[in-house]
Amino acid sequence: MTGNLQFDSQGRLRHFLTIDGLSRETIHQIFDIAESFISVGEREIKKVPLLRGKTVVNLFFESSTRTRTTFEIAAKRLSADVINLAVSASSTSKGETLLDTVRNLEAMHTDLFVVRHNQSGTAYLIAEHVPPHVRIINAGDGAHAHPTQAMLDTFTIRRHKGSFEHLKVAIVGDLMHSRVARSLIRALNTLGTSEVRVIAPLTLLPTGHESLGIKAYTDMREGLEGVDVIVMLRLQRERMRGAHIPSEQEYFNLYGLTLDKLACAKPDAIVMHPGPMNRGLEIDSAVADGLQSVILPQVTNGIAVRMAIMSLIMGGSSESGRPA
Ligand code: NCD
């Protein structure tokens with residue numbers, strides 16, 4: 001799948017579908033805009049007028065709490081009108097095709113679709129068929145990509161660690177089924193991260209990680225040795241066909257992040273998780289709620305990053321990268 005569809009003929013970002021094809025400069029530009037939006041969320045009146053008069057449709061064919069809510073809040077803080085559609089429950093279940101659903105929403109003069117679907121490529125398919133003034137953001141397509149999550153994860157890393165050039169980052173758990181990991185690895189590579197490691201049982205390691213320049217570990221303590229950032233992934237049981245792990249207890253013993261295993265990382269390492277977490281399965285509560293956890297700041301940062309992406313693709317931020 002190509003990322004070219006997301007740029008217009010002048011090379012401006014038109015849709016946000018994948019991390020592929022984004023330059024390091026564009027990613028940092030989005031971070032800089034997001035940084036300026038952090039304060040909006042801390043104000044008494046949490047609104048800027050950048051998307052006033054625009055209509056944003058949250059088109060979610062797969063359930064979500066955090067992602068849908070943070071997109072909704074982001075759009076509202078930009079002063080857009082927001083419609084939330086949980087589509088599996090309506091039109092498509094009555095036999096309407098995906099593109100017919102989108103065409104009907106377009107006929108209502110909507111401006112931006114935020115799309116989540118359990119099939120890889122859905123956001124691309126919609127982007128190929130909408131008129132030029134309509135924008136698409138991929139909020140997760142199957143096991144393929146989740147680019148806004150990768151942006152909020154790397155933005156969180158930048159806020160805590162500054163630059164990426166000297167960082168060692170370990171991504172732990174169900175890499176096989178994770179669109180979050182796929183997009184995050186791309187973003188970390190583009191940002192020049194010194195070392196990206198993946199830690200998982202062989203049955204949950206994706207193939208082809210060597211070609212991405214990634215070191216793979218099956219021993220968690222070995223993989224965590226000296227890292228600056230740990231990203232824990234949810235065991236995606238709904239995507240697993242057949243048994244990938246011997247037992248949940250065994251998985252927790254070997255790959256669950258406990259304080260004891262965390263001690264293998266650098267003392268100032270941060271712990272991240274995209275959510276939703278399975279406490280006691282991939283992460284122990286003492287770590288999830290502990291001093292090194294930045295799991296809730298990730299959620300807060302997700303709003304500023306989604307505001308930045310929406311305003312950038314809708315032309316609402318100025319050349320300098322600051323909100324107009
Ligand atoms: C992720 C997703 O839906 O891909 N969660 C999220 O967007 N916050 C990860 C997951 O479901 O485990």
Side-chain angles (χ1 to χ4, degrees), residues 16 19 22 24 26-42 64-71 73-74 77 137 139-140 145-173 175 178-199 224 227-234 257 262 265-277 282-283 287-312 321:
F16 200 80
I19 298 292
L22 296 185
R24 192 180 295 191
T26 303
I27 296 179
H28 278 295
Q29 183 196 8
I30 293 170
F31 290 164
D32 292 342
I33 303 172
E35 204 60 62
S36 73
F37 285 138
I38 287 279
S39 63
V40 175
E42 292 163 352
S64 160
T65 311
R66 238 166 314 267
T67 304
R68 195 197 56 68
T69 314
T70 50
F71 266 113
I73 292 177
R77 290 197 181 153
I137 295 178
H146 194 351
T148 64
Q149 181 71 43
M151 290 298 296
L152 80 87
D153 291 342
T154 46
F155 178 63
T156 303
I157 296 174
R158 193 181 85 158
R159 293 203 97 210
H160 284 86
K161 297 287 170 192
S163 70
F164 291 82
E165 283 79 14
H166 305 290
L167 287 187
K168 292 190 172 104
V169 179
I171 309 173
V172 188
L175 283 116
S178 178
R179 54 192 174 201
V180 171
R182 251 174 279 282
S183 291
L184 179 59
I185 290 168
R186 298 260 181 227
L188 288 169
N189 282 343
T190 304
L191 288 162
T193 309
S194 147
E195 205 178 306
V196 180
R197 303 177 182 177
V198 293
I199 306 173
L224 290 182
V227 302
D228 304 275
V229 178
I230 305 171
V231 181
M232 297 306 299
L233 298 173
R234 182 175 66 89
L257 186 61
L262 177 58
K266 286 204 182 134
D268 63 349
I270 54 169
V271 176
M272 303 173 54
H273 194 307
M277 293 188 266
E282 70 256 355
I283 190 163
V287 176
D289 305 327
L291 290 174
Q292 287 166 262
S293 167
V294 296
I295 295 171
L296 291 177
Q298 279 177 270
V299 178
T300 312
N301 293 339
I303 297 173
V305 166
R306 289 176 171 133
M307 287 171 79
I309 293 167
M310 285 188 198
S311 70
L312 186 68

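This chain uses plain numbering: 1 for the first residue, then up along the sequence. Only a predicted model underlies this, so the values are computations on that prediction, with no experimental measurement involved.
- Of all non-hydrogen atoms in A304 and I38, the two that sit nearest each other are CB-CD1, 3.8 Å.
- To the nearest 0.5 Å, atoms CD1 (I157) and CG (D228) are separated by 9.5 Å.
- Looking only at side-chain heavy atoms (C-beta outward), F164 and V169 stay at 4.5 Å or farther from each other.
- R182 meets the salt bridge (charged side-chain N to carboxylate O under 4.0 Å, His left out) test with no other residue; sequence neighbours excluded.
- In this structure, Q292 contributes its side chain and A269 its backbone to a donor-acceptor pair below 3.5 Å.
- You'll find the side chain of F16 reaches within 4.5 Å of the side chain of M151, heavy atoms only.
- Closest approach of S311 and A308 over heavy atoms only: OG-O, 3.2 Å.
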message: Evaluate T190 against T154 for side-chain contact (heavy atoms from CB on, under 4.5 Å), listing each step before the verdict.
response: CA-CA 11 Å; T190 304; T154 46; over 6 Å; no
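- The distance from the CG atom of L262 to the CE atom of M232 is 10.0 Å, given to the nearest 0.5 Å.
- Residues satisfying the side-chain hydrogen bond (donor to acceptor under 3.5 Å, both in side chains) criterion with T26, sequence neighbours excluded, are S23.
- Nearest heavy atom pair, residue P274 against residue Q149, reads CB-NE2, 3.4 Å.
- For the atom pair CD (E165) and OG1 (T193), the distance works out to 8.0 Å, reported to the nearest 0.5 Å.
- Shortest non-hydrogen contact noted between A150 and A187 is CB-CB, 4.3 Å.
- Put simply, the side chain of L184 reaches to within 4.5 Å of the side chain of V231, judged on heavy atoms.
- Between I19 and P147 the shortest side-chain heavy-atom distance falls below 4.5 Å.
- Nearest heavy atom pair, residue H273 against residue L233, reads NE2-C, 4.0 Å.
- Although no hydrogens or angles enter the test, the distance criterion places no donor-acceptor pair under 3.5 Å between the side chain of S293 and the main chain of G290.
- Residues forming a salt bridge (charged side-chain N to carboxylate O under 4.0 Å, His left out) with E42 (at least two apart in sequence, or on another chain): none.
- Taking the six-membered ring where tryptophan is involved, the planes of F155 and F31 are tilted, since the angle between them lies from 30° to 60°.
- Between the side chain of S178 and the backbone N or O of A181 there is at least one donor-acceptor pair closer than 3.5 Å.
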- request: Tell me, with the steps shown, if D268 and K161 meet side-chain contact (heavy atoms from CB on, under 4.5 Å).
  value: CA-CA 10 Å; D268 63 349; K161 297 287 170 192; 3.6 Å; yes
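- To the nearest 0.5 Å, atoms CZ (R159) and CD (Q298) are separated by 13.0 Å.
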message: Before you tell me yes or no, could you show the steps for L191 and R158 under side-chain contact (heavy atoms from CB on, under 4.5 Å), namely the whole-Å CA-CA distance, both residues' side-chain angles and the distance that decides it to 0.1 Å?
response: CA-CA 10 Å; L191 288 162; R158 193 181 85 158; over 6 Å; no
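- Rounding to the nearest 0.5 angstrom, the gap separating the CD atom in E195 from the CG atom in L167 is 11.0 Å.
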